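The chains referred to below are lettered A, B, ... by the order of the sequence lines, with proteins before strands, and numbering in each begins at 1. Keep in mind that what you see is a predicted model, and the values were worked out from it rather than measured.
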There are 2 protein chains.
Amino acid sequence: MKRSLEHIQYTDDTETLARFAKALGHPTRITILQYLEKQSCCFTGDLVDVLPFSQSTISQHLKELKNAGLIQGEVNPPKIKYCIHQENWKIAKRLFKSFFE
Amino acid sequence: MKRSLEHIQYTDDTETLARFAKALGHPTRITILQYLEKQSCCFTGDLVDVLPFSQSTISQHLKELKNAGLIQGEVNPPKIKYCIHQENWKIAKRLFKSFFE
DNA sequence: AAAATCTATCGTATATTTGCGATAAACAAT
DNA sequence: ATTGTTTATCGCAAATATACGATAGATTTT
């Protein structure tokens, strides 16, 4: 991909909002987050049981949600407990709200 | 890409929310929408002047926003006037709001 | 020590996204 | 009729996303 200018500078809020939105841009990830909102927390395996995708695919979606900052995982051997990242969740909520006015 | 099951059925709201989120998942498109929120409407050329991308690239982003239902274009020869799609905008606002509770 | 459980990561294949320049299409003005 | 203006679309290239099976790593249980 070629870019005409080195790096366009959007505002930080714009970048952040786009990053959150991108992470939400897949029905599986929306579903995972809705599940987490209800359950408060869950293990990867719970989602594998619920969603019709392979373990590796679910794991990848979780990774993306984690990279976007929307969830966090605590090691709880041999499992990993995933929860919503409350702090960033609030930021996302605020950014979307103010975006839509 | 292989899919293990023919078609997963998410709820309509989940599908719709993901579709909106995906369209919002790029800083340029966020910027375009913020511009439209302020200006209420604009022409493609206005955005080409403001954003550091080629006319064809801007046009493509507008197409995606239109496909997602977030904006609409009225022909106003030889220009095209783009506005926020108020009805769908309200739906998006509601879906995001209830998603974040 | 061996087996079982759980999850991340690697490698691979395919689809989609993002960007550009060039061109086409639609209309207005000359 | 020709020219200019505006925008969409085509064709291309590179990057990213999505899915899978196989495997590796960590820890518990036996």
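The shortest distance between side-chain heavy atoms of Trp89(B) and Glu37(B) falls below 4.5 Å. Put simply, the side chain of Thr31(A) does not reach to within 4.5 Å of the side chain of Leu47(A), judged on heavy atoms.
Here the side chain of His26(A) is nearest to one of dG21(C), dA19(D), dG19(C), namely dA19(D). Counting only heavy atoms from C-beta on, Phe53(A) has its side chain closest to dA19(D) among dA19(D), dG19(C), dA8(D). Closest to the side chain of Ile80(B), from the set dG21(C), dT18(D), dA8(D), is dA8(D). Comparing dG21(C), dT6(D), dT7(C) against the side chain of Phe43(A) picks out dT7(C) as the nearest.
Without hydrogens or angle criteria, Thr16(A) side chain to Asp12(A) main chain gives a donor-acceptor distance under 3.5 Å.
Residue Asp46(B) holds its CG atom at 10.5 Å from CG of Leu51(B), rounded to the nearest 0.5 Å.
DNA chain D is contacted by both Gly25(A) and Lys66(B); Lys66(B) maps to the nucleotide lying nearer its 5′ end (nearest heavy atom per residue). Sequence order on DNA chain C of the closest nucleotides to Lys63(A) and Thr28(B) puts Lys63(A) first from the 5' end. If His61(B) and Gln55(A) are placed on DNA chain C by their nearest nucleotide, the residue sitting closer to the 5' end is Gln55(A).
A straight line from CD of Glu74(A) to C1' of dA26(D) spans 17 Å, rounded to a whole angstrom. Rounded to whole Å, the distance from CG on Asn67(B) to P on dT16(C) is 14 Å. With rounding to whole Å, Ile58(A) atom CD1 is found 18 Å from dA17(D) atom P. Between Leu65(B) atom CG and dT7(D) atom P there is a gap of 16 Å when expressed in whole angstrom units. The nearest whole Å value for the distance from the CD1 atom in Ile32(B) to the C1' atom in dT7(D) is 14 Å. Rounded to an integer number of Å, the gap from Leu51(A) CG to dC20(D) C1' is 16 Å. Here the P atom of nucleotide dT17(C) and the CD atom of Glu64(A) are 14 Å apart, to the nearest Å. Rounded to whole Å, the distance from NZ on Lys79(A) to P on dA8(C) is 13 Å.
Of the side-chain N and O atoms in Thr57(A), one or more sit less than 4.0 angstrom from OP1 or OP2 of dC20(D). The shortest distance between the side-chain N/O atoms of Ser59(A) and the OP1/OP2 oxygens of dA8(C) is below 4.0 Å. Residue Ser54(B) has a polar side-chain atom (N or O) positioned under 4.0 Å from OP1 or OP2 of dC20(C).
Of the options Phe99(B), Phe20(B), Phe96(B), a ring-ring contact (aromatic ring centres under 6.0 Å, His included) to Phe100(A) is made by Phe96(B) and by none of the others.
Contacts of Lys22(A) with the nucleic acid, taken as non-hydrogen atoms under 4.0 Å apart, involve only primed sugar atoms and P, OP1 or OP2. Counting any heavy atom pair closer than 4.0 Å across all strands shown, Thr44(A) reaches sugar-phosphate atoms only and no base atom. Note on Gln60(A): a base of the nucleic acid sits closer than 4.0 angstrom, heavy atoms only.
In Asp49(A), the CG atom is crowded: over 12 heavy atoms of neighbouring residues, nucleotides or ligands sit closer than 6.0 Å.
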